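Keep in mind that what you see is a predicted model, and the values were worked out from it rather than measured. Below, chain A is the first sequence line, B the second, and so on; all start at residue 1.
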Protein chains: 2
Amino acid sequence: MTGGNKNDKVNMKTLAKELNLSTATISKALRDSYDISPETKLRVMEAARRLNYVPNAYASSLRKQSSNTIAIIIPEIADSFFSQAINGIESIVAPKKYHALIYLSHDSYEREASMFNDLASGRVDGLIMSVASSTQDTGHIKTLQETGIPIVFFDRVCEDITADKIVTDDYNSAYNAATHLLQAGCKNISLVTISGYPSILTAREQGYRNALTENGFVVKDAGIVTCSNKYTDENVNIIKAHLTTVKPDGIIATVEQLATATYLACDELKLQIPRDVKVVCFTNQITAAILNPSLTTILQPAYDMGKQAAEILFGRLSGRLNEAKQELIMPSQLIARASTAR
Amino acid sequence: MTGGNKNDKVNMKTLAKELNLSTATISKALRDSYDISPETKLRVMEAARRLNYVPNAYASSLRKQSSNTIAIIIPEIADSFFSQAINGIESIVAPKKYHALIYLSHDSYEREASMFNDLASGRVDGLIMSVASSTQDTGHIKTLQETGIPIVFFDRVCEDITADKIVTDDYNSAYNAATHLLQAGCKNISLVTISGYPSILTAREQGYRNALTENGFVVKDAGIVTCSNKYTDENVNIIKAHLTTVKPDGIIATVEQLATATYLACDELKLQIPRDVKVVCFTNQITAAILNPSLTTILQPAYDMGKQAAEILFGRLSGRLNEAKQELIMPSQLIARASTAR
DNA sequence: ATGAAAGCGCTAACAG
DNA sequence: CTGTTAGCGCTTTCAT
C-alpha cells in the first residue's frame, strides 16, 4: 500500500495518553457530556483535531447496539422515480449524520429475501423499502419487523403488513388517466403493465377498469398487456404484438420503463402518436417534455415521498412517533402533453 | 416496538451453550475452517439455522479491522450515467457479499470533503469515486489515500492523484462530435458545458477546440457557454441567452442534464432542431431515441465502467493486483440520430 | 469532574 | 480437533 502507515492510528486511547486522561473522559468530552469541565472539553477537542482523530463507527455501533445507519431497498436504481426518491431520503438522512445502505432487489424475490438476513444482524436501525414486483410471500419482511426494526414502505407497499406507508393515489391517477384518454376521444384503451404483485399495479388496474366501466365500456382481459419486469427491450415486441392484434387507440403504461418500449413499438409499426394511438405513462423522467411527441405523464412526487418516508422513519427511531402506523397518500399529477392531444 | 423481543438475541455464545462447545469452535465451524470435524460443522450449521443465528457484522468488522464494505461517491444519483455505473459496480460487489455505501456529493466540494472523515474511520475497505465538479483542492482525497485505502476513480478523475482510473476517451469523443457536426454542415458550433474542474470537461473542450481549429475555424471564447452544475432549470435561460446572441448552428452539450435544457431553450426560442441548430449531447438517457427530434448522443459504457472499477478495486483489496496503478480508457460511442441530420 | 472496569460479539493466537 | 484467552475501540455504570 502506498505509504499506508497503519501504526499512527489514533483512537481514544491515543488521546487519553496524550492528555493524561482516561478514555472514559475522552468519550464523554467528545460527546459534549454535561459532567466534563469546559476546559477539558476544549483540550480534548483540540487534541482530537490536531491528531486527526476519527471515531470508529463499528466499535461504537457494537457497543451501543445501534448503528446510525438505515437501509433502503428498491427494485432498481436506474429509474427516475427511485433515484429521485433516494435524493429525498438522503436530504433527511445526511444532515442527521446517518448513513444509508442501498440494496437493489432488481425486482427479484430471491435477492430481496436474501438481503433481509443482513438486516437482522443489527446492521441497520431501520428500513425504507419499495417491494420487488415478484414478491408474493412477505414472510421475510414480517420476520424482520418482529425483531423490532421499524420499516417504512413507499410506493410499492405490502398490503398484508401493518407498517407506515407512503403511496400515491394510484387508483385515482389511473382513473384520471383513463378519463383523460376518453375525453381525448379514445374508444379502445389498453393498459400496459408489468408482471408481479405490487399493490400499486392492482390499484392502477382497478382505476383503469372502473373508469372504463363507468363510462359504458366493457373491459376485456385482452386489453391488458403484461410485460416483463426486467428492464429489457423484449417488451417492445410484446407491445407490438398487442398493438397489432388488439389495435388500441389509447394506452396507459403503468411504469416508467414502459414509456420507451411503447414509443419504440409504435414507431416500428409506423403508428403515429397521438393520431393513431394516444399514450399516457406513469413516469418521472425529466425528458418527458421533450419526447417525440411530448409525453403525457402521471408524475409522482418522488422526492417528497422519499423525504416523508425518512421523516416518519426517524420519528419511529427517536420514539417521537409512536401512534398507530400511518398510511400517507400523496397526490400524483397528470401533466397533459402532446401524446394525448386530440 | 411491536413485539420486539430483544432478549432472544442469538449470538455465538448462545450457539456455544446450546451445543456445549466454545465460541471459538462455533466461529471456525461457521467459517468452514479446516480444523473442525465435519460432524461438528454440521451440528453448528444446523443449530445456527434452527435458532436463526445472524452474525453481527460490526463485531466482526471491529475485530478483523476490515468491513467488507466499499464506498461509492458520486455527484448525483438521478443521472443515467451514474445510476447505470452503480448497477455495474453492484454486479461485482453483491456476489462477493460486500456492501456498498453510496455517498452523494451533489457536486459540492464541501459535502465531498466532509464525507472523507467518515471513510478514514475504517468504515470502508475501499472507495470508488467520481469527483464533484466543484472540487479543485484534492487534499482530502490524498489524505485518505495515505491511510492505505485503495481508491479507484471513474469518469471524473483527479489528474493530480496517482490511482486507478477508468475513463472514456473524452477528447476523441468531443473531437468526433464536432467533426460530425461539421460534416452535417455546421459553421458555428458552440460548446455547452458546466462550471467546475473535472478533467473530463477539459478533455471534451480540447477535443472540441482542436476539431474546429484543424478544420480551419477559429474558436472564440464566446462559443463556450458555462452552465450551472446544479440540476436546475436556470440553465435554460443561460442557453437561451447564448442562442440569441451567438446564434450557433450546432451545439455540443457535455453532460447529461444539459440535453433537456438545450431542447427546452430551442423550443422556447422557436428554433427548430436540426434545421436551425443541430445538437449532440454526452448522455446515457435511454429516452434519447424517442426525443423530439431523436437526439444524437455520445453514449458512455457506464455499466461496464462501473464493473471495471469494482473489479480493479477488488484486485487491490485482495492483493491480487499490485502492479502500478492503471488508467483504463473505454470507448464511447457516437450514435447519430435526427438532431444532427442535414 | 474524572477514572476504573466491564463488556458489546467476534476472531485469532496459541495450548492442549 | 477443540478450548482458553486476549482484545478490536468504544460507551456506560459506578466509584471516587
Side-chain angles (χ1 to χ4, degrees), chain A residues 6-45 47-48 51-69 97 117-118 120-123 125 147, chain B residues 6-45 47-48 51-69 97 117-118 120-123 125 147:
Chain A
K6 305 263 184 189
N7 281 344
D8 61 359
K9 188 176 297 168
V10 25
N11 52 30
M12 287 191 174
K13 218 154 99 190
T14 324
L15 294 185
K17 214 163 284 171
E18 173 83 9
L19 299 175
N20 267 309
L21 291 171
S22 74
T23 60
T25 306
I26 304 289
S27 175
K28 288 178 199 154
L30 289 172
R31 330 200 100 252
D32 205 21
S33 158
Y34 280 112
D35 51 38
I36 298 293
S37 77
E39 17 179 356
T40 307
K41 278 185 194 169
L42 275 178
R43 285 177 62 219
V44 172
M45 301 292 194
L51 300 181
N52 238 303
Y53 167 73
V54 186
N56 183 308
Y58 295 139
S60 168
S61 295
L62 177 58
R63 176 60 230 245
K64 291 196 303 182
Q65 300 286 67
S66 87
S67 61
N68 277 36
T69 302
K97 302 289 175 201
N117 280 325
D118 243 59
S121 66
R123 194 190 273 279
D125 301 341
T147 69
Chain B
K6 305 266 184 187
N7 281 344
D8 60 359
K9 187 176 297 169
V10 27
N11 53 29
M12 288 192 173
K13 217 154 102 190
T14 325
L15 294 184
K17 214 164 283 173
E18 174 83 9
L19 299 175
N20 266 310
L21 290 170
S22 73
T23 60
T25 306
I26 303 289
S27 175
K28 289 179 198 153
L30 288 173
R31 331 199 99 250
D32 205 21
S33 158
Y34 282 112
D35 51 39
I36 298 294
S37 77
E39 17 179 356
T40 307
K41 277 185 197 170
L42 277 178
R43 286 178 59 219
V44 173
M45 302 290 195
L51 300 182
N52 238 303
Y53 168 72
V54 185
N56 182 308
Y58 294 139
S60 170
S61 294
L62 177 59
R63 176 62 232 240
K64 291 195 303 181
Q65 299 287 62
S66 88
S67 61
N68 279 34
T69 302
K97 303 288 175 201
N117 279 326
D118 242 58
S121 66
R123 193 189 274 277
D125 301 341
T147 69

Can you give me the first and the last nucleotide of DNA chain C (5' to 3') that has an atom within less than 4.0 angstrom of a non-hydrogen atom in chain A?
dA1(C) to dG9(C)

Quick one: label Ser61(A) by what it contacts on the DNA or RNA (base, sugar-phosphate, nothing), any heavy atom closer than 4.0 Å.
nothing

Base, sugar-phosphate, or nothing: which does Asp35(A) touch, judged by heavy atoms less than 4.0 Å apart?
base

Quick one, which residues of residues 16-27 of chain B touch DNA chain D with a heavy atom under 4.0 Å?
Asn20(B), Leu21(B), Ser22(B), Ala24(B), Thr25(B)

When rounded to the nearest 0.5 angstrom, what distance separates NZ in Lys28(B) from OG in Ser22(B)?
7.0 Å

Distance, nearest 0.5 Å, that separates CG of Leu30(B) from OH of Tyr53(B):
6.0 Å

The single option from Asn117(A), Thr69(A), Asp118(A) that satisfies side chain to side chain donor-acceptor pair (under 3.5 Å) with Arg123(A) is Asp118(A)

Would you tell me if any nitrogen or oxygen in the side chain of Gln65(B) comes within less than 4.0 Å of OP1 or OP2 on dG9(D)?
yes

Report yes if a side-chain nitrogen or oxygen of Asn11(A) is closer than 4.0 Å to either non-bridging phosphate oxygen (OP1 or OP2) of dG9(D); otherwise report no.
yes

Set out, in order, the CA-CA distance, both residues' side-chain angles and the distance that settles side-chain hydrogen bond (donor to acceptor under 3.5 Å, both in side chains) for Ser121(B) and Asn56(A), then state yes or no.
CA-CA 5 Å; Ser121(B) 66; Asn56(A) 183 308; over 6 Å; no

Looking at Ile36(B), is its backbone amide N or carbonyl O close enough to the side chain of Ser33(B) to form a donor-acceptor pair, meaning the two atoms are under 3.5 Å apart?
no

Describe, as an angle rounded to 10 degrees, how the axis at the first end of the helix from dA1(C)-dT16(D) to dG16(C)-dC1(D) is tilted relative to the axis at the last end, five pairs per end.
40°

